[in-house]
Colleague: 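The structure is given below, and queries will be raised subsequently.
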Amino acid sequence: MKTYQIEIKVGDTVEVGRFRNVIARIKDISIDDNGQPVIITSKGPKKLFSCRLSKLTPGAKTPKQILQAKK
């Protein structure tokens with residue numbers, strides 16, 4: 001069985017919407033009544049695993065571009 005660890009922080013961008021084509025920024029991370037993670041985005045609350053993380057998309061940014069954006 002494979003396991004994955006994903007670091008999600010406030011300020012990261014995610015792609016939401018029916019076709020995952022709307023970019024939203026994470027404002028807060030919380031837990032719902034069933035104990036599942038929910039991210040509060042600029043487009044409203046979304047289930048954590050119903051969106052696409054922009055930083056994990058292959059070819060989105062190179063590591064050098066990510067480091068330059070942090071500066």
Side-chain angles (χ1 to χ4, degrees):
M1 182 172 198
K2 294 182 181 181
T3 60
Y4 295 98
Q5 287 186 339
I6 301 172
E7 286 190 30
I8 299 172
K9 297 180 267 184
V10 174
D12 285 347
T13 58
V14 293
E15 296 175 7
V16 296
R18 182 173 180 189
F19 299 108
R20 310 294 185 258
N21 58 353
V22 178
I23 296 175
R25 188 167 301 278
I26 297 175
K27 291 183 174 183
D28 192 22
I29 301 170
S30 64
I31 304 291
D32 67 0
D33 297 335
N34 298 320
Q36 298 298 312
V38 176
I39 54 175
I40 312 299
T41 67
S42 55
K43 304 293 182 184
K46 305 288 179 191
K47 294 179 184 177
L48 176 62
F49 297 110
S50 67
C51 61
R52 181 179 295 159
L53 296 172
S54 298
K55 66 182 181 181
L56 296 179
T57 305
K61 286 187 179 180
T62 63
K64 187 173 182 180
Q65 290 173 333
I66 293 170
L67 290 175
Q68 288 177 349
K70 287 184 179 181
K71 291 181 180 179

Colleague: Between atom CD1 of Ile23 and atom OG of Ser42, what is the distance when rounded to the nearest 0.5 Å?
Modeller: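 Going from CD1 on Ile23 over to OG on Ser42, the span is 10.0 Å.
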Colleague: Measuring from atom OG1 of Thr41 to atom CG of Asp28, what distance do you get when rounded to the nearest 0.5 angstrom?
Modeller: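 Reported value, rounded in 0.5 Å steps: 11.0 Å.
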Colleague: Measure the spacing between CD1 of Ile6 and CZ of Phe49 and express it to the nearest 0.5 Å.
Modeller: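 These two atoms lie 5.5 Å from each other.
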Colleague: Mind checking the OG-CD spacing from Ser50 to Gln36? Nearest 0.5 Å is all I need.
Modeller: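 Those atoms lie 11.5 Å apart.
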Colleague: Of Thr13, Val14, Asp12, Val10, which meets side-chain contact (heavy atoms from CB on, under 4.5 Å) against Arg25?
Modeller: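 Testing each of Thr13, Val14, Asp12, Val10 against Arg25, the sole residue satisfying side-chain contact (heavy atoms from CB on, under 4.5 Å) is Thr13.
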Colleague: Does the side chain of Asn21 come within less than 4.5 Å of Glu15's, by heavy atoms?
Modeller: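 Sidechains of Asn21 and Glu15: no contact.
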Colleague: Going from CD1 on Ile39 to CD1 on Ile8, what distance comes out if it is rounded to the nearest 0.5 angstrom?
Modeller: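 If I round to the nearest 0.5 Å, the distance is 6.5 Å.
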Colleague: Same cluster or not: are Ile40 and Val16 linked, directly or through other Ile, Leu, Val, Met, Phe, Trp or Tyr residues, by side-chain heavy atoms under 4.5 angstrom apart?
Modeller: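 Shared cluster, no.
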Colleague: Can you confirm whether Lys43 is buried at NZ, in the sense that more than 12 heavy atoms of other residues, nucleotides or ligands lie under 6.0 Å from that atom?
Modeller: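 Check fails, neighbour count at 12 or below.
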Colleague: Report yes or no: does Asp32 contribute a side-chain atom to a donor-acceptor pair with the main-chain N or O of Asn34 at less than 3.5 Å?
Modeller: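 Between the backbone of Asn34 and the side chain of Asp32 there is a qualifying donor-acceptor contact (under 3.5 Å).
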